[in-house]
Amino acid sequence: MDRPTPRQLEAFDAIARTGSVAAAARDLGLARDAVDEAVRTLESNLGVALFAPGEGDDLHLSAHGEAALPGALRILAESDALLAAVESVPAAVTSIVMGTHPSIFTLLKQELAAFEDEFSDRPLSVDFDCFIVEQVALAFSEGRTDLALFYALGETRSFVSHKLWNEGWSLFVGRSHPLAARQVVRLEDIAQEALLLSSPTNRLRLLLDTCLVQGGLGNLQVAAELDDHARLVERCRAGEGILPLFGPTAAQTAVMPGIRRLAYAGRIPAIEVRCAVHPKAEADESVQALAEIIRRGTESI
């Protein structure tokens with residue numbers, strides 16, 4: 001025996017209430033044939049007649065119909081309760097995942113706050129381990145990131161991106177260093193100096209090395225390789241070498257006591273801060289709005 005369907009039970013109930021197939025069809029907004037077929041199928045599955053003929057087209061419940069109707073109404077009511085319970089659950093809130101570096105994030109606090117005020121229904125989650133091209137490409141391929149603000153050296157090949165601004169390099173020495181007092185420092189002036197660099201495992205190190213090579217500083221000796229910025233600054237202050245920095249870290253270091261920014265006349269390629277949106281998020285109005293707010297907010301950088 002097949003279980004009765006909601007349509008069959010609704011047709012059964014409607015005929016019982018209205019007294020005819022025609023009236024039940026009007027009540028349900030269905031064709032008469034559809035209501036008639038639903039009830040006939042239900043009767044066939046149950047193996048009993050649910051209605052007895054009256055005058056004309058009128059129908060009234062048979063003894064089996066009288067016995068079956070309360071159960072049918074109960075099933076319909078439970079179905080309605082099930083639908084109501086499901087519909088009462090709030091839709092899941094999907095956060096926007098943005099990959100970036102803490103230094104980039106710091107510069108965009110005002111723009112991100114403006115987005116959160118306007119789109120309070122879309123919380124923003126930040127992945128601070130996604131800030132170079134290779135990491136962004138991997139995050140996009142795995143679907144972990146909707147939008148990324150990252151460091152790069154020009155156009156990206158594996159995904160579409162656009163430049164937001166450039167981060168220029170600064171070279172720092174201790175105030176007692178012989179080059180600190182120079183009005184202009186040229187490449188030949190620092191050819192015999194040593195560099196203070198981040199460790200080889202630092203994820204920004206490849207960008208640093210590439211910029212130094214392209215700027216003609218790739219052959220300089222290395223005095224230290226550390227990921228402890230405070231220790232690098234101390235060694236720089238002590239005159240142990242030249243400390244190359246970019247972005248907010250450079251701005252913060254420039255005002256530290258005992259440190260001098262060199263008036264370097266050479267050219268070191270700038271690092272670009274770029275923005276990319278995951279292809280699947282291009283139709284997401286909130287993600288597009290976030291990208292636009294960031295673009296407008298960084299026009300003056």
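All figures in this text were calculated on a predicted structure; none of them were measured in a lab. One-based numbering along the sequence shown.
- Listed here is the closest heavy atom pair of Pro53 and Leu59: CA-CD2, 3.9 Å.
- Considering CZ of Phe12 and CG of Leu50, their distance stands at 4.5 Å, rounded to 0.5 Å.
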Working for side-chain contact (heavy atoms from CB on, under 4.5 Å), residues Leu171 and Ile190: CA-CA 11 Å; Leu171 302 180; Ile190 61 176; 4.2 Å; yes
Chi angles and distances behind the side-chain contact (heavy atoms from CB on, under 4.5 Å) call for Met98, Asp127: CA-CA 6 Å; Met98 181 180 76; Asp127 179 0; over 6 Å; no
Trace of the salt bridge (charged side-chain N to carboxylate O under 4.0 Å, His left out) decision for Glu234 with Arg231: CA-CA 5 Å; Glu234 284 302 317; Arg231 289 178 61 194; over 6 Å; no
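- Between the side chain of Asp146 and the main chain of Val97, a donor-acceptor pair closer than 3.5 Å is present.
- Between the OG atom of Ser286 and the CG atom of Leu147 there is a distance of 12.0 Å, given to the nearest 0.5 Å.
- In the hydrophobic cluster analysis, where Ile, Leu, Val, Met, Phe, Trp and Tyr join through side-chain heavy atoms closer than 4.5 angstrom, Val213 is grouped apart from Leu220.
- For Ser120 (side chain) and Asp117 (main-chain N/O), no donor-acceptor pair under 3.5 Å exists by modelled atom type.
- Arg17 CZ: more than 12 foreign heavy atoms inside a 6.0 Å radius.
- Listed here is the closest heavy atom pair of Ala223 and Ala194: CB-CB, 3.7 Å.
- Closest non-hydrogen pair, Thr100 versus Phe131, comes out as C-CB, 3.7 Å.
- With sequence neighbours excluded, the residues that form a salt bridge (Lys or Arg N to Asp or Glu O under 4.0 Å) with Glu299 are Arg295.
- Glu272 places no side-chain N or O within 3.5 Å of a backbone atom of Trp165 that could act as its donor or acceptor partner.
- The closest donor-acceptor contact from the side chain of Gln8 to the backbone of Thr5 lies under 3.5 Å.
- When atom types are taken as modelled, the side chain of Ser44 and the backbone of Thr41 share no donor-acceptor pair closer than 3.5 angstrom.
- Residues Ser125 and Ser95 have side chains that never bring a donor and an acceptor to within less than 3.5 angstrom of each other.
- Around CD of Glu37, the count of heavy atoms belonging to other residues, nucleotides or ligands within 6.0 Å does not exceed 12.
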Steps toward side-chain contact (heavy atoms from CB on, under 4.5 Å) verdict (Leu107, Glu167): CA-CA 12 Å; Leu107 293 173; Glu167 295 279 12; 3.8 Å; yes
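- Other members of the hydrophobic cluster containing Val133, listed by chain and number, are Val136, Phe140, Phe150, Phe159; membership follows side-chain contacts under 4.5 Å among ILVMFWY residues, whether direct or relayed.
- Residue-environment remark: CD (Gln110) stays at or below the threshold of 12 foreign heavy atoms within 6.0 Å.
- Using a 4.0 Å cut-off between charged nitrogen and carboxylate oxygen, Asp36 and Arg40 count as a salt-bridge pair.
- Residue Leu9 holds its CG atom at 5.0 Å from CG of Leu76, rounded to the nearest 0.5 Å.
- A single hydrophobic cluster is seen to contain both Phe128 and Val273, as judged by linkage of ILVMFWY side chains at heavy-atom distances under 4.5 Å, directly or through other members.
- Without hydrogens or angle criteria, Asp209 side chain to Leu206 main chain gives no donor-acceptor distance under 3.5 Å.
- The line from CG of Leu108 to CG of Leu290 is 9.5 Å long, rounded to the nearest 0.5 Å.
- Distance alone, capped at 3.5 Å, is enough to place a donor-acceptor pair between the Gln135 side chain and the Ile132 backbone.
- Once rounded to the nearest 0.5 Å, the distance linking CG of Leu195 with CD of Glu225 reads 10.0 Å.
- Note that CZ of Phe119 is 8.0 Å distant from CD of Glu285, once rounded to the nearest 0.5 Å.
- One side chain, Ser170 or Arg261, offers a donor N or O that lies under 3.5 Å from an acceptor on the other.
- Inspection of the Thr253 and His229 side chains reveals an N or O donor paired with an N or O acceptor under 3.5 Å.
- In the displayed structure, Arg205 atom CZ is contacted under 6.0 Å by more than 12 heavy atoms of other residues, nucleotides or ligands.
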Derivation of the side-chain contact (heavy atoms from CB on, under 4.5 Å) call for Glu43 and Leu46: CA-CA 5 Å; Glu43 290 178 325; Leu46 295 176; 5.9 Å; no
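- Under the 4.5 Å side-chain heavy-atom criterion for grouping Ile, Leu, Val, Met, Phe, Trp and Tyr, Leu138 is not connected to Val160 through any hydrophobic cluster.
- Sorted by first and then second residue, the pairs that involve residues 234-271 and meet ring pair (Phe, Tyr, Trp, His ring centres under 6.0 Å), not counting sequence neighbours, are Tyr151-Phe246, Trp169-Phe246.
- Using modelled atom types, no side-chain atom of Thr145 and backbone atom of Ala148 make a donor-acceptor pair closer than 3.5 Å.
- Here Glu155 pairs with Arg274 in a salt bridge; the nearest charged N to carboxylate O distance falls below 4.0 Å.
- Not a single salt bridge (Lys or Arg N to Asp or Glu O under 4.0 Å) links Arg260 to another residue, sequence neighbours left out.
- One hydrophobic cluster holds both Val222 and Leu212 under the rule that ILVMFWY side chains link at heavy-atom gaps under 4.5 Å.
- The two residues Val277 and Ala291 make their nearest non-hydrogen contact at CG2-CB, 4.2 Å.
- With 3.5 Å as the limit, one finds no donor-acceptor pair spanning the side chains of Thr18 and Ser20.
- For the residue pair His177 and Glu193, a side-chain donor N or O sits within less than 3.5 Å of a side-chain acceptor on the partner.
- With sequence neighbours left out, the side-chain hydrogen bond (donor to acceptor under 3.5 Å, both in side chains) criterion links Asn202 to Asp227.
- Connectivity analysis of hydrophobic side chains (ILVMFWY, heavy atoms under 4.5 Å, direct or indirect) links Leu226 to Phe172, Leu196, Leu232, Val233, Leu243, Leu245, Met256, Ile259.
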